[in-house]
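Here is the naming used below: chain letters follow the sequence lines, and residue numbers restart at 1 for every chain.
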There are 2 protein chains.
Amino acid sequence: MFKENHTTCKNCSCSWSNFKNLTDEQLDLINTNRFPANFKSGEIIFKQGSPTSNAVFLSSGIAKIYMEGYDGKNIILAIVKPGSLIAGPGTYVDNRHHYSLAALTETSACFIDMRILKELVHENSMFAEGYLKDLSQKSLGTFHKLVSFSQKKMHGRLAEGLIHLADDIFNSDKYNCHMTRQELGEFTGMTKESVVRLLKEFHDEEIIHLNDHTIEIINKPKLEKIMISG
Amino acid sequence: MFKENHTTCKNCSCSWSNFKNLTDEQLDLINTNRFPANFKSGEIIFKQGSPTSNAVFLSSGIAKIYMEGYDGKNIILAIVKPGSLIAGPGTYVDNRHHYSLAALTETSACFIDMRILKELVHENSMFAEGYLKDLSQKSLGTFHKLVSFSQKKMHGRLAEGLIHLADDIFNSDKYNCHMTRQELGEFTGMTKESVVRLLKEFHDEEIIHLNDHTIEIINKPKLEKIMISG
DNA sequence: TAATAGTGTTGATATATATCAATTTTAGTT
DNA sequence: AACTAAAATTGATATATATCAACACTATTA
């Protein structure tokens, strides 16, 4: 089912902040070399191990970036929202994706030839700097996650995850996270059973409201306290 | 005790691979704007939270990059060897270091004004690309660590750490790691007591030889097996 | 409509690992 | 050489969290 999502990159309301550093011609170059595609919930957009021939620009929907770990266990590195350009760091290392990207909702994305982006990095130093900025930002996010995973207990990690989704992804204290308990576990570093038990605990203590995949934070100060101390 | 380590960057035998992308004048610019300094084992080179006014080039010695986590618990992100440029990702985000750097042995380093490096990123697109490459590589390392920390058990993590030190840092199966048990724990995500017990276990099973801070891997296939399965 | 597979839930149990406390060893300092 | 402080070691115990197993609930498909 092919669906045209927007005619040009220029009009795309949710364009990557770094695209602002491009000239009109440069943006045009991307515009003529992009391949839009639509994905249904659950579909894989690109797969760990595959060549990084294209970067993916997410124009609508929510997706998960995840690594396939040992014996089938995944770890969700990040949830991405529209306006993100996902160009795996493997691009500049071994031309392989080191993580997979999959849609959590109906999603529309554009594939952009990585060679074009690399060319633009060479031609436009502001764009290169923006790219560095983007990569740095993501890098810091991973550091944070590493500390959180290795030093916080489940309660703290779940609280942190829920707050992060509210503040940085959905911009609301009530949101449909579009993740199964299993995925919430992969996101916060615990088993699905533990997610169920903790969510129930938070619910019983009136910190959150639960309705299937919809989470509403009703006592944020308390949740923040758990995030910090736990 | 000031000690002159080498007269110019050009002659510095262990220069950062990305410096090769600079012209002679550009390298000169760095050369005239660097501040060499020497550190004793244990001394902090820069501190988490401080401004990223300078990047640090490690010209000799071994150092640790570590994050200060919750209630005084650290996590060692990486061990760095001569030839590395350490410019925290905070440089392009909030101008703050998000981790600390401390010497594990006598160390000589050069401080390089970050403004110069940023300028060079603008002037020289090959340098910018090299910078992106470096950052990407480090990013992948962190991803790997995240998976390892969240999915492997202690045995596997310790085995992985020991092999990484042998293969990527010291280039020998026998090395002085210059880390206390506490630090080895911060490096592999466990307590110092666990490090002691596991090292003894590996020793008893004749996988490694131990002599204070010197570790010799004597049964690498077995250690690799533990790294993969554990 | 039945059937199957995925998801959520609950409770019982196992286990990896941290914590605590005590002791020994090592290294650095007066 | 004596003294201190830090590091290493060891054993006993606590605890967080995973694992396992059973069952309920959707939701899709045959």
**Q** Bend angle of the helix from C/dT1-D/dA30 to C/dA27-D/dT4 from five-pair axes at both ends, rounded to 10°?
**A** 40°
**Q** Looking at every non-hydrogen atom in both residues, tell me the closest pair between B/G189 and B/R157 and how far apart they are.
**A** O-NH2, 2.6 Å
**Q** Hey, what's the ring geometry for B/F170 with B/Y175, parallel, tilted or perpendicular (30° and 60° as the breaks)?
**A** parallel
**Q** Provide the full list of side chain to side chain donor-acceptor pair (under 3.5 Å) pairs with a residue in residues 204-216 of chain A, sequence neighbours left out, each pair given once.
**A** none
**Q** What is the nucleic acid contact for A/K200, judged by heavy atoms within less than 4.0 Å: base, sugar-phosphate only, or nothing?
**A** sugar-phosphate
**Q** For nucleotides 22-30 of chain D, give me one character per nucleotide, 5' to 3': B if any protein heavy atom sits under 4.0 Å from the base, S if the only such contacts are to the sugar-phosphate, - if neither.
**A** ---------
**Q** For the side chain of B/N95 and the backbone of B/P51, is there at least one donor-acceptor N/O pair under 3.5 Å apart?
**A** no
**Q** Is the number of heavy atoms from other residues, nucleotides or ligands within 6.0 Å of NZ (A/K220) greater than 12?
**A** yes
**Q** Who passes side-chain hydrogen bond (donor to acceptor under 3.5 Å, both in side chains) against B/Q182, sequence neighbours left out?
**A** B/E186
**Q** What one-letter contact string describes nucleotides 15-21 of chain D from 5' to 3', where B marks a base within less than 4.0 Å of any protein heavy atom, S marks contact via sugar-phosphate atoms alone, and - marks no contact?
**A** -SSSBB-
**Q** Return a table of donor-acceptor pairs under 3.5 angstrom between the side chains of residues 70-86 of chain B and protein atoms on other chains or two or more places apart.
**A**
{"residue": "B/K81", "atom": "NZ", "partner": "B/D168", "partner atom": "O", "Å": "2.7"}
{"residue": "B/S84", "atom": "OG", "partner": "B/K81", "partner atom": "O", "Å": "2.8"}

**Q** May I have the distance from B/H213 (atom NE2) to C/dT26 (atom P), rounded to whole angstrom?
**A** 12 Å
